[in-house]
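Just follow the structure's listing: the first ligand is 1, and inside any ligand the first atom is 1.
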Amino acid sequence: MTSARDALRPDDPLVKLKGVGPRSAEDLASEGFHTVLDLLLHLPRRYEDRTKVWSLARHPEAASWILLKGRVTNLKVRRIPRRRMVIVDGVIDDGSGLLAVVWFNQRWIHRRLSDEPELYLYGQVRERRGGVLQLVNPEVEEVADGEERVVPVYRRLGRFGGRRLRNLIAQCVEATETCRDPLPAAVRARFGLPPLCDALRELHLPSPPCELAAQDSGLEDFNSGNSPFHRRLAFDELLAFACAMHMRRLARRAAGAAVIDTEIVNPTRIAKLVPFELTGAQLNVLDEMKMDLGSGRPMSRLLQGDVGSGKTVVAALAMLMALDSGHQVAFMAPTELLAEQHARTFEDIFSAVGFTTHRLTGSMVPAAQRSVREGLADGSVRMVVGTHALFQESVTFRQLGLVVVDEQHRFGVAQRQALVGKGRAPHLLVMTATPIPRSLALTVYGDLDLSIIDEMPPGRRPVHTHLRFGDARPRVLDFLKHEIEGGGRVYVVFPIIDASEEIEAAALTEREAAYRQALQGIEVGVLHGRLDRSQREETIARFRRGTAPVLLSTTIVEVGVDVPEASVMVIESPQRFGLSQLHQLRGRVGRGTRQAWCILLADEGIGEDALRRLEVVCESTDGFAIAEADLKLRGPGELIGTKQWGPAGFRFANIFRERDLIRRTKVLAAELEASGELGEVIEGLREYFPIEVVLAAD
Ligand code: ADP
Ligand code: MG
């Protein structure tokens, strides 16, 4: 650098900052931070009002979060090998009182604290057995002069944390002056949004609380992400996503696609292929797909339906139309287990009409993979069922006409597109059993049309769901024995594998012995992610055959394990799961004709809220209603779990809280197109958001 120094700009590299040399810059780069703007977009996790430090002269309340300033004494390290645990504990002395403090599995904290005179500790007060209060796993920071004010607290970036990171980002704030505002002033005014540069500055260096109060805002808003400045970033992010989706829709509509002869699959043909009558809902979806497939424009359809509602058959019929019209078809599943199960279903249906089902998964020997890849490239392989292995670069198709993606929420937009990109505008059908309320689905999957199967095949008896507590355990075990003697199979699902001091929940390894003892004479299988693949497969096979009719498992059984004889699902510590997840787990039983049961075996003393949530699952068998309740009660969750930017990967917007905003930005994107401003707005937004992820994909 030459002159006194130029003003810092958003696109400057991080070496321009004081205290960042080439090594630190490399470190930050490995965390994904390259420019000043990258750091500006790293928002504080929370804000500490350091003018309001708690005084231990007063007893804090259990469950409250407090900030203390004091020293830690009596530090001890204890090991609990049986639980693979290290505990560091001590006492905080803030000059006015004492409070016990404990850290679980943070051995390093001992060294970190050893010669610190005074610290800030921020954490939650919890009550231990016997009523002793304790600060649990608090964050720790050194005390520095001039910090008795509102201080932003950031998530660590590699070696940079605490005050050091705060100082770096504070330097960056200067660059907000030259940040370009992507929103036209009229849009800002209409939605009541502050300028972007103000938002970025305030988020990192908030005005003093008194000034915020004057503007009808406060630190609580900052901490809950509800300040006008947070809202500005959320708005821009949602608008960027909406614009990208809008462009994608335009592009896909413009592309021509293979016209598929949909008349081939008519009622007589279906009757020959499928051993049951399609439900009304299945027939509707089939009609919707026929319209798309015959239109000459590529289908982009999301098919939602509860577990067991019969999505796969409908997909198979669409596949048959494409195959019969001379096209190749690719079906992608999220796990090998699922891919294998689907491949078997398709073999049953398609072998009768002379199409061979091929597989492509990562665990196949290289030679076998190569031969399938060659077949796909020269067109001799017409139909392939596979996993992530399908979108590898080495996979090419001669004439890919239809792509089906199962359990869409397990893949990202980009992965889906990587497969679509292997054909020239192939038709796309994505399926999900994670019921997302319609309003939300339409906006989140903005570039897809929506079909819903909201009717179960006839003869299916709804799973009876009951909530039971620990004292009912002996009766539950008797019931399990009775079921197994009558030919049923039982899943028992646990939220965790090993016991932990931090999480109060039933652990598989802890309860295993009790189950074995109670079910003497019955073989019990154990299934979780720490076992290797061959062990897992062996266990599932024994369960399937009925040799080991009881399976103690983690949520690994959530998707894919399909055993029609399974009739009872016991869920231990069910309060640990989301409602939609409980519903999904429950979908593992009742797939045959046997009456099926789901028993939520809750721990004593769970809270009122937890009880109310569990009752929702007992009372409803409608996945959509449960998802809606989950959304209300739990907010953001694992409802949608894409990894890339998009739905759950938004950095600033909480799609569950901002449903209205999602809708409004979608409308705005269309308006901007109509007024000819869309291009410019996208240019502005792409400096801040990875629009390319959505745009560039095909
Ligand atoms: P999903 O993929 O939606 O979870 P599947 O397509 O796997 O559901 O269907 C679940 C089970 O129901 C399968 O065994 C399937 O053969 C059967 N099935 C599907 N549709 C019908 C129907 N209309 N009538 C009777 N059984 C059906
Ligand atoms: Mg399925």
Against heavy atoms of [X], which atoms of ligand 1 measure under 4.0 Å?
X    : answer
E277 : 22 (C), 23 (N), 24 (N)
V313 : 6 (O), 19 (C)
S309 : 3 (O), 8 (O)
L278 : 23 (N)
T279 : 23 (N)

Minimal non-hydrogen separation, I270 against L286, with atom names
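That closest heavy-atom pairing would be CD1-CD2, 3.8 Å.
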
For the residue pair V353 and I349, what are the closest heavy atoms and their distance?
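V353 and I349 have their closest heavy atoms at CG2-O, 4.0 Å.
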
Which of parallel (below 30°), tilted (30 to 60°) and perpendicular (above 60°) describes [X] and [Y]?
X    : Y    : result
H466 : H464 : tilted
H342 : F331 : tilted
Y491 : F543 : tilted

Kindly identify the option in T345, T312, L338 whose heavy atom sits closest to atom 2 (O) of ligand 1.
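It is T312 that holds the nearest heavy atom.
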
D306 near ligand 1, heavy-atom distance under 4.0 Å?
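Under 4.0 Å: yes for D306.
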
Say whether G305 and ligand 1 are in contact under the criterion: heavy-atom distance to a ligand atom below 4.0 Å.
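Contact check G305 vs ligand 1: negative.
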
Of the side chain and backbone of Q282, name the one, both, or neither that has a heavy atom under 4.0 Å from an atom of ligand 1.
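Under 4.0 Å from ligand 1, Q282 contributes side-chain atoms alone.
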
Does the side-chain hydrogen bond (donor to acceptor under 3.5 Å, both in side chains) test come out yes or no for D261 and S325, once each step is laid out?
CA-CA 6 Å; D261 180 1; S325 304; 5.6 Å; no

Taking distance alone, with no angle check, do P458 and ligand 1 share an N/O pair under 3.5 Å?
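For ligand 1, there is no N or O atom that lies under 3.5 Å from one belonging to P458.
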
So, using side chain to side chain donor-acceptor pair (under 3.5 Å) as the criterion, who are the partners of T262 when residues are at least two apart?
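Scan of T262 (side chain to side chain donor-acceptor pair (under 3.5 Å), adjacent residues dropped) gives none.
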
